[in-house]
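Keep in mind that what you see is a predicted model, and the values were worked out from it rather than measured.
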Amino acid sequence: MTSATASPSTAAAPFDASAVKADFPILSEQVNGHPLVYLDSAATSQKPLAVLDAERDFLTHTNAAVHRGAHTLAAEATELFEDARATVAGFVGAAPEQLVWTSGATMGLNLVAYSIGNAGLIRPGDEIVVTAIEHHANLIPWQELAARSGAVLRHIPAHDDGTLDTDAAASLIGERTRVVAFTHVSNVLGIVNPVADLVAMAQAAGAITVMDACQSAPHLPLDLPALGVDLAVFSGHKMLGPYGVGGLYGRTPVLEALPPFLTGGSMITTVTLDRAEYLPPPQRFEAGTQPIGPAIGLAAAVRYLDGVGLSRIHAHEGMLAERMRAGLVDIPGIRLLGDAAGVERVGLWSFDVEGVHAHDAGQYLDALGIAVRVGHHCAAPLHARFGVTASVRASTALYTTTDDVDRFVEAVAGIRPYFGV
Ligand code: PLP
């Protein structure tokens with residue numbers, strides 16, 4: 001078994017996105033006769049060779065189920081799997097026992113909503129507060145929990161510029177609030193939300209905080225214990241890792257207070273025909289065979305990200321976001337969603353093209369080899385808030401170059417003339 005290491009870049013060297021890009025085989029593909037410009041990293045990121053190799057090495061040399069076999073491969077696989085947990089936990093500032101493997105962020109958020117409900121922490125008339133700009137994965141599980149428990153779901157609104165209305169949050173979060181759920185970075189607006197304010201309000205009310213870190217984990221340094229959130233989720237496939245794996249971070253007392261969501265093998269101490277005793281976290285939440293290869297791949301992914309350096313990635317993508325904005329605002333008929341000034345953001349812009357449906361705009365860009373996301377990006381209420389049903393979203397990652405952004409902006413300028421509007 002060889003362990004995958006990363007990146008030609010080091011924390012000290014100047015950021016070279018082209019060198020990073022060379023580690024991602026798919027990014028040298030042609031699409032529709034053009035070199036691929038991949039601007040859909042918020043939907044899913046591309047994977048560097050280090051990640052593909054790590055999963056393949058594991059499956060080629062070590063593959064075995066973990067935590068159960070007495071044979072050598074099982075012991076080696078268990079060690080790699082638990083090392084991966086320590087690596088991924090460390091990436092978000094956590095201890096290994098604070099990281100639960102999930103199949104992705106959607107699974108993590110459902111786990112949390114069900115476990116909080118099953119713990120009896122939500123009673124009729126209690127309140128669950130979410131923002132009005134969530135991905136459906138951090139909205140619908142709370143709608144369902146409210147419906148099951150008789151709780152009231154309340155929403156923190158956004159200002160016209162995409163920032164959260166923290167004054168409204170302060171008046172919404174109160175003594176009936178049991179949970180405050182919010183995204184760190186919106187997958188449509190790209191704005192980094194005021195986590196410290198939200199955590200302070202929730203703590204004052206004695207509410208549990210649940211943060212969706214899908215769109216921050218691959219783009220900026222993340223220290224979940226320092227942010228003070230109780231629970232947070234992230235998604236492997238959006239942070240250079242494989243599909244089918246994600247992480248749920250929990251503060252130790254919070255995880256310890258929650259009952260399991262799924263039950264079955266690998267999460268028990270004793271079982272009789274009538275009842276079972278459960279292991280402590282994180283295993284309590286890991287019923288059944290876990291995504292072992294993907295977890296090892298995700299560890300390689302976070303080593304790669306760390307090798308490049310999250311501060312440098314954040315600065316690079318901030319520069320790209322500025323460059324993209326500067327190009328887009330000059331194009332007639334383009335309206336950016338969440339164009340707030342002076343806020344911290346990741347490399348992501350969603351926009352409306354006046355007179356052209358987002359899907360038509362997406363197809364036009366695709367014909368030029370440019371991959372963007374079109375639609376509501378699983379955030380339909382957010383789009384309704386901004387008066388549209390769909391938008392075009394361009395999202396960057398550490399491998400995005402200024403040339404990618406320039407080609408994209410030039411292409412966007414051609415959309416309305418092409419459609420004759
Ligand atoms: N939350 C946000 C902000 C997202 O962007 C996504 C993915 O689109 C999800 C949650 C769902 O993540 P997963 O694909 O891991 O279930």
Side-chain angles (χ1 to χ4, degrees), residues 17-49 51-52 104 135 185-190 214-215 217-219 235-243 301 304-305 313 316-317 319-321 323-325 327-328 331 334 336-338 345-353 356-379 383 388 390-416 418-419:
S18 303
V20 172
K21 195 170 191 172
D23 287 339
F24 294 72
I26 201 169
L27 296 176
S28 53
E29 299 273 317
Q30 300 267 317
V31 171
N32 295 323
H34 300 274
L36 170 63
V37 171
Y38 187 76
L39 291 172
D40 199 16
S41 293
T44 199
S45 64
Q46 298 302 346
K47 330 292 176 197
L49 267 177
V51 169
L52 309 181
H135 187 284
V185 174
S186 158
N187 67 313
V188 180
L189 308 172
C214 280
Q215 301 295 344
H219 303 296
S235 173
H237 73 91
K238 292 181 195 289
M239 48 198 288
L240 316 186
Y243 295 102
Y304 188 95
L305 287 166
I313 292 170
H316 172 66
E317 294 193 60
M319 177 275 291
L320 294 177
R323 191 178 182 103
M324 198 182 277
R325 181 188 177 281
L328 291 175
I331 302 173
I334 299 294
L336 297 175
L337 306 187
R345 48 171 69 251
V346 300
L348 184 164
W349 288 106
S350 299
F351 57 92
D352 178 52
V353 185
V356 181
H357 194 279
H359 286 85
D360 292 332
Q363 276 176 7
Y364 175 84
L365 295 172
D366 179 54
L368 298 171
I370 300 170
V372 293
R373 172 92 185 244
V374 295
H376 56 49
H377 325 313
C378 299
H383 278 79
V388 286
S391 64
V392 180
R393 179 182 73 188
S395 52
T396 68
L398 68 170
Y399 42 67
T400 308
T401 61
T402 51
D403 188 50
D404 289 335
V405 169
D406 294 348
R407 268 187 59 201
F408 164 73
V409 169
E410 194 187 327
V412 172
I415 296 175
R416 293 180 78 241
Y418 177 82
F419 288 100

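- Side-chain contact between L240 and P218 is absent, with no heavy-atom pair separated by less than 4.5 Å.
- Put simply, the side chain of Q215 gets close to the backbone of A42: a donor and an acceptor are under 3.5 Å apart.
- Each of L337, L336, V353 was evaluated against S391; a single residue qualifies, L337, per the side chain to side chain contact (heavy atoms under 4.5 Å, CB included) test.
- Rounded to the nearest 0.5 Å, atoms CD1 (I313) and CG (L398) are 4.5 Å apart.
- With hydrogens and angles ignored, the 3.5 Å screen pairs a side-chain donor or acceptor of N187 with a backbone N or O of H377.
- From R323, atom CZ reaches atom CG of L328 across 12.5 Å, with rounding to the nearest 0.5 Å.
- R325 places no side-chain N or O within donor-acceptor distance of the main-chain N or O of W349, the cut-off being under 3.5 Å.
- When all heavy atoms are compared, the tightest approach of S45 to K238 is OG-C, 3.5 Å.
- At distances below 3.5 Å, at least one donor-acceptor pair connects side-chain atoms of R345 with backbone N or O atoms of L189.
- A heavy-atom distance below 4.5 Å is not found between the side chains of H135 and C214.
- For A411 against I370, the heavy-atom pair with the smallest separation is CB-CD1, 3.5 Å.
- In this structure, the side chains of R393 and D40 come closer than 4.5 Å at one or more pairs of heavy atoms.
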side-chain contact (heavy atoms from CB on, under 4.5 Å), that's the test. Do H237 and K47 meet it? Break it down for me. CA-CA 8 Å; H237 73 91; K47 330 292 176 197; 3.8 Å; yes
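- If you take OG1 on T400 and NE2 on H316, they are separated by 6.0 Å, rounding to the nearest 0.5 Å.
- Atom OH of Y418 has 12 or fewer heavy atoms from other residues, nucleotides or ligands within 6.0 Å.
- Here the closest heavy-atom approach between residue L348 and residue S350 is recorded as CD2-OG, 4.1 Å.
- L49 CG to Y304 OH: the interatomic distance, rounded to the nearest 0.5 Å, is 9.0 Å.
- In this structure the side chain of V185 never reaches within 4.5 angstrom of the side chain of H219, judged on heavy atoms.
- Contact check for I334 versus D352: no side-chain heavy atoms found under the 4.5 Å cut-off.
- A distance-only check finds no donor-acceptor pair linking the side chain of R407 to the backbone of G369 [under 3.5 Å].
- Y399 places a side-chain N or O within 3.5 Å of a backbone atom of Q46 that can act as its donor or acceptor partner.
- Side-chain atoms of I415 and V392, non-hydrogen and from C-beta on, never get closer than 4.5 Å to each other.
- Atom NZ of K21 sits about 4.0 Å away from atom OG1 of T401, to the nearest 0.5 Å.
- Not a single donor-acceptor pair under 3.5 Å links the side chain of T396 to the backbone N or O of E317.
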Report the C-alpha separation of F408 and L365 in whole Å, then their side-chain angles, then the decisive distance to 0.1 Å, and conclude whether the side-chain contact (heavy atoms from CB on, under 4.5 Å) test is met. CA-CA 8 Å; F408 164 73; L365 295 172; 4.1 Å; yes
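- Although no hydrogens or angles enter the test, the distance criterion places a donor-acceptor pair under 3.5 Å between the side chain of S395 and the main chain of S41.
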Would you check, one step at a time, whether the test side-chain contact (heavy atoms from CB on, under 4.5 Å) holds for L36 with L27? CA-CA 6 Å; L36 170 63; L27 296 176; 4.3 Å; yes
Might you work through the side-chain contact (heavy atoms from CB on, under 4.5 Å) test for Y364 and F419, ending with a clear yes or no? CA-CA 9 Å; Y364 175 84; F419 288 100; 4.1 Å; yes
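- Here the side chains of V51 and F24 are not in contact, with every heavy-atom distance at 4.5 Å or above.
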